[in-house]
Every structure is written in structure tokens, then in C-alpha cells.
Amino acid sequence: MYNLQIPDKIHAWASKIAQETNQTVDDVLMTYINFVSEALPLLPDDEEAELAALQYLSDDALWTIAYEEMSSADKTTLGTLMDKNSSGILSEDEKISLEALVERGQKLALRKSEAMAILTRRGHKVSLKDKS
């Protein structure tokens, strides 16, 4: 059993749902916590550490990460491999390359998202359209 202080806004939200669904506030919060914990898988330790380390970077470094893009060569290769995969003509080596590029792209997207989230928490206005 834990004693946890929650913000008034969250308590009000949980109280409203509890009342509407004939549950206790504790039950509503536990249901939500369980849902979130199942919906958000944990990352490998090295990726968690890399994302945590972003907190210590300067705003300039975070802006660089936020607008980082996959190289043109990787984009071209990825497109070609995805087309071949859709056509069902992907070799085993190409399948391995495609999986590696997709994983690299996912890690890049995660780093970019975290950098943008940190910048937002630091009071910056982050836009996906502008690179300003």
C-alpha cells in the first residue's frame, strides 16, 4: 500500500468517473494505472538511459535532435526495400536490412519526440512544420 498525493485536477477527474461508474476513486486510478502500464511497453535499458540523458543536454543540442532526419541514402534504401517487400520479392538479406532501417527509424523518432517534449517542458514552442 502506498500513500500517493495526486493533483486536484486528477482527483476531480477520477472522482467524476468514480461517481458515474459507481466505483471508488482508488479503483478508477488503479484501472487507469494498469491500463497505461500495459499500453506503454518498457524500453531496453540502454534506450531508457539514452532518453534519460537527453534531459542534461542544452536547448541547442535538443533542437538539433528534434529536427534530425534519416540520411537521404537510408530514406531511398528504405523506400526501395519497402516497395520490394510489398511486391513480395524481398530477399532474406534485404529483409534483414529493412528490419534494421525500420528499427533505426523508430529509435530516431523516439529520440526526436523526447527532445521535443523536453523543449516543450522548458517553455519552447515546438512545431513539426518549422525548423526555427
Side-chain angles (χ1 to χ4, degrees):
M1 177 65 114
Y2 292 94
N3 185 10
L4 178 66
Q5 292 183 359
I6 59 172
D8 291 338
K9 183 178 179 179
I10 293 174
H11 188 269
W13 168 82
S15 294
K16 181 180 178 189
I17 292 174
Q19 190 173 35
E20 291 173 357
T21 60
N22 200 24
Q23 299 179 68
T24 67
V25 172
D26 287 353
D27 288 341
V28 170
L29 292 172
M30 285 307 300
T31 299
Y32 183 73
I33 291 169
N34 284 328
F35 171 76
V36 170
S37 69
E38 291 171 9
L40 299 173
L42 297 176
L43 295 171
D45 289 344
D46 61 330
E47 289 181 47
E48 287 282 354
E50 181 182 347
L51 292 178
L54 294 180
Q55 297 286 337
Y56 302 104
L57 295 179
S58 69
D59 289 356
D60 287 340
L62 290 171
W63 282 113
T64 299
I65 293 168
Y67 291 113
E68 184 180 354
E69 292 187 19
M70 187 178 276
S71 73
S72 295
D74 282 350
K75 284 182 189 178
T76 301
T77 302
L78 181 61
T80 301
L81 292 174
M82 290 177 76
D83 289 343
K84 289 179 91 172
N85 188 46
S86 295
S87 300
I89 57 171
L90 200 63
S91 73
E92 194 58 39
D93 285 344
E94 290 171 326
K95 182 179 178 185
I96 292 168
S97 295
L98 176 59
E99 289 171 356
L101 281 171
V102 168
E103 183 176 339
R104 193 176 318 150
Q106 289 172 337
K107 287 180 180 181
L108 174 61
L110 187 58
R111 272 194 322 273
K112 289 171 58 123
S113 297
E114 184 64 18
M116 289 179 183
I118 294 167
L119 287 165
T120 300
R121 286 193 298 271
R122 291 182 182 177
H124 297 281
K125 184 174 178 355
V126 179
S127 171
L128 296 175
K129 295 179 184 176
D130 302 328
K131 292 186 180 183
S132 53

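Using a 4.5 Å cut-off between side-chain heavy atoms of Ile, Leu, Val, Met, Phe, Trp and Tyr, with links allowed through other members, Ile17 and Tyr32 fall into the same hydrophobic cluster. Note on Tyr56: it does not cluster hydrophobically with Leu110, by side-chain heavy-atom contacts below 4.5 Å among ILVMFWY residues. Follow the hydrophobic side-chain contacts under 4.5 Å out from Ile89 and you never reach Met82; the two are in separate clusters. Met30 and Val28 sit in two unconnected hydrophobic clusters of ILVMFWY residues. Membership requires side-chain heavy atoms under 4.5 Å apart, directly or through other members.
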Point to revise | Residues Val126, Tyr67; criterion side chain to side chain contact (heavy atoms under 4.5 Å, CB included); working and verdict | key: CA-CA 10 Å; Val126 179; Tyr67 291 113; 4.2 Å; yes

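With salt bridges taken as basic N to acidic carboxylate O contacts below 4.0 Å, one links Glu114 and Arg121.
Atom NZ of Lys16 has 12 or fewer heavy atoms from other residues, nucleotides or ligands within 6.0 Å. With a 6.0 Å radius and a threshold of 12 heavy atoms from other residues, nucleotides or ligands, Asp46 has its CG atom above the threshold. The number of heavy atoms from other shown groups lying within 6.0 Å of CD (Gln19) does not exceed 12.
Between the OG1 atom in Thr31 and the CD atom in Gln23 there is a gap of 5.5 Å [rounded to 0.5 Å]. The NZ atom of Lys125 lies 13.0 Å from the CG atom of Leu119; values are rounded to the nearest 0.5 Å. Atom CE of residue Met116 and atom CH2 of residue Trp63 lie 8.0 Å apart, to the nearest 0.5 angstrom. Distance NZ/Lys107 to CD/Glu47: 4.5 Å, rounded to 0.5 Å. Annotation: the span from Ile118 atom CD1 to Leu54 atom CG amounts to 5.0 Å, rounded to 0.5 Å.
Across all their heavy atoms, Met70 and Leu101 have their closest contact at CE-O, 3.7 Å. When every heavy atom of Ile65 is checked against every heavy atom of Lys112, the shortest pair comes out as O-CG, 3.2 Å. Looking at every heavy atom in both residues, Ala18 comes nearest to Val25 through CB-N, 3.8 Å. For the residue pair His124 and Asp59, the shortest heavy atom distance occurs at NE2-OD2, 2.6 Å. Considering all non-hydrogen atoms of both residues, Ala115 and Ala66 come closest at CB-N, 4.0 Å.
Lys95 contributes no side-chain N or O that, together with a main-chain N or O of Leu90, makes up a donor-acceptor pair within less than 3.5 Å. A donor-acceptor contact shorter than 3.5 Å is absent between the side chain of Asn85 and the backbone of Leu81.
In this structure, Gln106 and Val102 have side chains that are in contact, with non-hydrogen atoms separated by less than 4.5 Å. With a 4.5 Å cut-off on side-chain heavy atoms, Arg122 and Leu62 count as touching.
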